[in-house]
Amino acid sequence: MTITSDSAATALGDSGDLVAALRRAGVSGVDGSELARGMYSADASLYRVVPQVVARPQHIDELHAAHQVSRELAVPLTMRGAGTSIAGNAVGEGIVLDTRDLKAILDIDPEAQTARVEPGVVHADLQRAAAPHGLRFGPDPSTHSRCTIGGMIGNNACGSRALGYGRTADNIEAVEVLFGNGETARLDARSGRGSGTTARQLLALAEQNLGHVRTNFGLFGRQVSGYSLEHLLPENRGRIERFLAGTEGTLGTTLEATVNLVRDDPSRRLMVLGFPSVAEAADAVPDILAAGSGKLIACEGMDSRLVALVRGAGRRVPTLPNGESWLFIETAGDDALSILDEVKRASGAIGHRMIEASEEAAALWKIREDGAGLAGISLPTPAHSGWEDAAVPPEHLGRWMREFESLMTEFGLQGYPYGHFGDGCIHCRIDFPFKHGDPHSTGVFKEFLTACAERLATYGGSLSGEHGDGRARSEMLPMMYDETSMALFAQAKAICDPDNLLNPGIITAPDGGTTASQTAHIKPTQPKQDLPWPGMLMTHDAGDFGAAVHRCSGVGRCVAPKTNGVMCPSYLATREEKDSTRGRGRILQEAMDGTLVKGLSDPAVHEALDLCLSCKGCASDCPAGVDMAAYKAEALYQTYDRDRDGQPKRRLRPRSHYILGRLPFWAKLASPMAPVANATMKLPPVAALAKWVAGIDQRRSVPKFAAKTLRRSAKDPQSKTGDPDVWVWADSFTNHFFPQSGLAALEFLRGQGLDVRVIGKQGCCGLPWITTGQLDQAKKLINQATSVLAPYVSSGVPVIGLEPSCLATLRSDAVELSAEEDARTVADGVLTFAELVNRLVDEGRIDLPDLSDVDVVAQPHCHQSSIMGWDVDQALLDMAGASVTKVAGCCGLAGNFGVEKGHYEVSVAVSETNLMPAVRRQQSAESNEGRRSVVLADGMSCRIQLDDLADVPAIHLAELLAQASSESASHGSSRSS
């Protein structure tokens, strides 16, 4: 039976029957829920195709079982790795198999320089495993932190260093594959030509068409569209395992792969060349390649407008040479510098710079890796994939680039090109004028892609340079290949997958039938709802909540199994797609599209959002600028405080919202009798009842109220006139729970001769109200707080806050909730303690104490990392001489989150990803004589988590500086006496 893409849905039957069949066959993690289907309805492409069922196999045998069910029920099957495919390669109507749990690295052979892996092994994990042997897997896509080896084989992924290390196909030594016809084959180049019926038929197909294959395939390195038949040629030793690379799961499923590893040269050198334009940078490529004498590892292009976007977001960009476009040139070896000198002379660049510091090199490569996400938000209107990575022989790149830019102008489109210039491969996200609810708005998209394909063919180019054809380009393959080539594709498909069950509609069909339409199932043309009464202003998306949640384009940095940033702590703990920023983004998109998920109050939305810590890590770590904390607040607000028409209507909230979500209010009431309240909470029955009422997990402690608030403790009995040198804002958490942080700031700054005073008026930022979606009340509190603080900020006297989460709320959420000028004034003016101290040190007004005997383990608060950044704190500690270990990620408590019933296990698991191991390492390390260890955590949540889980006292930066200054003064006094 042959299934076409268009008729697949009618053959599927009930999803419940399919779920039952897969479970009977022994397939794990089978899920036919709206939540799962919604999350897996999209990859990183334009397309949305809802599957019948999703499964996450736990063993290779389950891949066999899923294939068997697919064949028995004639249900299409689509393989998926990290889900970052941008041509629509990883979405399908039937069964979608997520292979990320098949992640065993079975063997690394340092002598043979090979690795044997399961298909779900993440590229970065393989690199980490190979590194102790001085080896690495050569290709390194920009998604290397989360893409899988199976996915890389499916797409024939290349990456920035393919110029030196080759494509994935060039690095495959052997595969075990399950073909769509049911045959399992072991294809190993070391044992000669492939064996088995399917292998023999494929080799015979090439032998019968030797002349055509030799003259039409393998003409340049990035010709990866269609099937790479050149690998089947006898002079290429009939490398079927390499032929399968780039077939996008349409012929078979990789069960196991043996890949080559290369020596990882730690002496790689990076030079950046500047050019007046992208086209002129492209013109220089042939001469650069010739000067590089085949020893260049990378030659990557980057547009200045993408760099400007990074700078505009407040992120540091290393100094770049003159130019509006840059080429990153990398090589290695003893002659690296002389090669780069030759390249520089041959390039005709208007500027150059050698990048000596590894930190700077890493920062530049990170911008390049984030290219797709940055490009998607770089224009006034959304930019899309689709014409993503066409390639031409490098000698034609300059001419093709000009023609491509001319075509964009002709069609009234914009896009910022970047990519693998040394390989002739260009990426570009383009602002196609799609309209939600208008399927006919694909006209310009279709016409532009057709025009590009026609022009590209004149250069002997390839529609895809590394990301595959998928739904975006398969329909255009007859514009690149003649009838004979297309017939060969269909014959190869018929040999391997005669019933057209594997990713049907992609590349070809077994009978030469039609492929998937490139204009069908495009997400930006589907209906999108608006919120009639939004709580957040969504300033970055013109007030459009639907546009905000559609920022998520699926690039998937949030699903990296390891991270040096904050995003996404819940995914790191559970490894479930629903607990990632992307998974939540997909469900919110479904809710706003009004199709699979019915609005923001749908249970699927709240299941996806339940384990979001509102850490705001995605606001800084996601290249597309997704702010899931804000989206969660809006979803809660719409669910509990608005009816279907957007009108105010209160619904009963979870108990924790009324207590933990209004904690500053209760703290203010309890303040006069804080000692009594603390004593009462020591009585187990009372504490248990109080926790139940508040929705607190019984394993959690209850935060202790300060016996005396900061505002009361800091009152100066002497009446002072005039402005001080510094104003301190007593936020609710510092004021009522950790006044010692504020008192330490006063002590340190006053000890330096400064007049420092605490603002006497009250003002709460409303953070707990925001995180629980009580946005009407939060807006009132924000307006009150900013009206209090604005005159102080406007006076020119520095105003600092001590609690990072409260300060971050003023710097970000305030302008999302309030359109008042005071909110903007305060957001632009309030400072962290570290920012103030750094400014005063630069001005020569204060001195830092000597911390050269201190070992610091620092847990930056998530909101500080995401909104203000922790670089200034790091710089201060470095200047003071401290030895600093900065902990990545979130502490796991995150305000209300880790305290609430139902979140304890995940909260602990999040803490175990980074924080607790770092603290244990510090505790177990042999203490050096004369040195002391400190755990630094400015945030209230982080300190409570450390106290609860490890009985570790943590201190604020102000406390560390105050203590060190006091000890220094005491030692000085002792010496003088």
Side-chain angles (χ1 to χ4, degrees), residues 43-44 56-60 62-63 78-86 89-90 97-109 112-131 133 135-162 165-178 185-189 224 228 231 239-262 264 369 466-468 503 556 559-562 575:
D43 47 16
R56 288 188 66 162
Q58 302 297 301
H59 191 275
I60 293 297
E62 296 180 33
L63 293 181
T78 299
M79 301 303 298
R80 182 179 176 116
T84 56
S85 300
I86 60 176
N89 328 55
L97 291 185
D98 182 339
T99 62
R100 283 178 290 175
D101 292 331
L102 303 173
K103 56 186 179 182
I105 298 174
L106 302 169
D107 177 60
I108 290 182
D109 186 336
Q113 294 187 196
T114 59
R116 189 164 59 90
V117 300
E118 289 185 337
V121 169
V122 170
H123 178 280
D125 287 340
L126 177 56
Q127 301 293 48
R128 280 185 280 267
H133 306 289
L135 300 172
R136 58 167 287 145
F137 185 52
D140 57 348
S142 59
T143 55
H144 59 83
S145 65
R146 60 270 192 198
C147 69
T148 64
I149 300 301
M152 291 180 67
I153 292 173
N155 271 4
N156 194 8
C158 301
S160 298
R161 296 186 173 91
Y165 299 137
R167 309 159 300 178
T168 298
D170 304 318
N171 290 275
I172 299 174
E173 198 68 20
V175 295
E176 185 175 346
V177 60
L178 174 56
R186 176 78 185 179
L187 306 168
D188 191 334
V224 302
S228 298
H231 294 295
R239 300 292 295 268
I240 299 174
E241 72 283 357
R242 294 190 172 183
F243 160 73
L244 290 173
T247 57
E248 303 180 41
T250 62
L251 304 183
T253 296
T254 301
L255 306 177
E256 179 187 303
T258 300
V259 296
N260 290 315
L261 303 176
V262 296
D264 189 13
E369 290 167 8
E466 66 178 329
H467 291 142
N503 217 356
V559 297
K562 291 182 174 61
R575 302 298 169 89

Would you compute the distance between atom [atom1] of [X] and atom [atom2] of [Y] and round it to the nearest 0.5 angstrom?
X	Y	atom1	atom2	result
Thr99	Leu255	OG1	CG	11.0 Å
Gln127	Arg136	CD	CZ	5.0 Å
Thr254	Ile149	OG1	CD1	10.5 Å
Lys103	Leu126	NZ	CG	14.5 Å
Arg146	Thr84	CZ	OG1	6.5 Å
Leu244	Thr250	CG	OG1	9.0 Å

Would you say that [X] contacts [Y] through its side chain, given a criterion of any heavy-atom pair below 4.5 Å between the two side chains?
X	Y	value
Thr114	Asn260	yes
Thr253	Leu97	no
Val177	Leu187	yes
Met152	His123	yes
Lys562	Val122	no
Arg100	Val559	yes
Glu256	Ile60	no

Can a donor-acceptor pair be found, under 3.5 Å and without considering hydrogens, that links the side chain of [X] to the backbone of [Y]?
X	Y	result
Asn155	Ala157	no
Asn89	His467	yes
Asn171	Pro139	no
Thr148	Gly151	yes
Arg242	Ala169	yes
Glu466	Gly159	yes
Glu118	Ala104	yes

*Is it true that Glu173 and Arg116 make a salt bridge, defined as a side-chain N closer than 4.0 Å to a carboxylate O?*
no

_Test log, rule side-chain contact (heavy atoms from CB on, under 4.5 Å), inputs Asp101 and Arg575_ = CA-CA 9 Å; Asp101 292 331; Arg575 302 298 169 89; 5.6 Å; no

